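All values below were derived from every heavy atom in this structure, side-chain atoms included, with hydrogens, water molecules and symmetry-related copies excluded. Keep in mind that this is a model prediction, so the values were computed, not measured. Position 1 is the first residue of the sequence, and the numbers go up from there.
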Amino acid sequence: MARDPAQIDAELHALHGGPDAARLSALHEEALPHMPTMQEQRFQLTHAWIYALVHGDEARICKLEQQLTDLGGL
């Protein structure tokens, strides 16, 4: 079940600056369907990708890179 965007936003704000890059990547990806424009989607994907890089999650990195490429972000 999809969470409310406000819940995702609250958790993002609570975790930013902390050490849980894996969770931050997942949250930015979870926020993606709530973004109405391509620019906002690229913003969320870019953040998800960066946190995946920090975490070293190769599978997630590859998936996010493909999504970013599809949206013209890479």
Side-chain angles (χ1 to χ4, degrees):
M1 181 172 145
R3 290 196 305 159
D4 181 272
Q7 293 172 315
I8 298 167
D9 189 55
E11 189 174 353
L12 278 168
H13 279 90
L15 292 177
H16 267 280
D20 196 351
R23 182 68 185 141
L24 284 164
S25 179
L27 284 168
H28 279 288
E29 193 173 359
E30 185 179 353
L32 184 63
H34 301 288
M35 300 297 111
T37 69
M38 189 181 323
Q39 291 82 5
E40 291 169 308
Q41 292 170 7
R42 282 194 304 249
F43 175 87
Q44 294 298 335
L45 280 172
T46 299
H47 279 75
W49 177 64
I50 290 168
Y51 284 114
L53 287 169
V54 169
H55 186 254
D57 185 340
E58 290 295 324
R60 178 173 240 128
I61 291 165
C62 291
K63 181 180 83 162
L64 293 168
E65 284 178 355
Q66 184 59 57
Q67 288 177 289
L68 276 167
T69 299
D70 292 347
L71 287 176
L74 283 179

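Hydrophobic side-chain contacts under 4.5 Å tie Leu15 into a cluster, directly or through other members, with Ile8, Leu12, Leu24, Leu27, Tyr51.
Here the closest heavy-atom approach between residue Arg42 and residue Gly72 is recorded as CD-C, 4.0 Å. His34 approaches Pro5 most closely through the heavy-atom pair ND1-CG, 3.3 Å. Leu64 and Ala52 get closest at one heavy-atom pair: CD1-CB, 4.1 Å. Closest approach of Gln7 and Arg3 over heavy atoms only: OE1-CB, 3.5 Å. The two atoms that bring Met35 and Gln44 nearest to each other are CG-CG, 3.6 Å, heavy atoms only.
Hydrophobic clustering places Trp49 together with Met38 (ILVMFWY residues linked when any side-chain heavy atoms are closer than 4.5 Å, directly or through intermediates). Put simply, Leu71 and Leu53 are part of the same group of oily side chains (I, L, V, M, F, W, Y) that touch within less than 4.5 Å, one to the next.
By the 4.5 Å heavy-atom criterion applied to side chains, Ser25 and Arg60 are counted as neighbours. Using a 4.5 Å heavy-atom cutoff, the side chains of Leu32 and Glu40 are not in contact. Under the 4.5 Å side-chain criterion, counting only non-hydrogen atoms from C-beta, Lys63 is in contact with Glu29.
One finds the CD atom of Glu11 at 8.5 Å from the CG atom of Asp20 (value rounded to the nearest 0.5 Å). Separation of atoms CD (Glu58) and CD (Glu65) is listed at 8.5 Å; rounding is to 0.5 Å.
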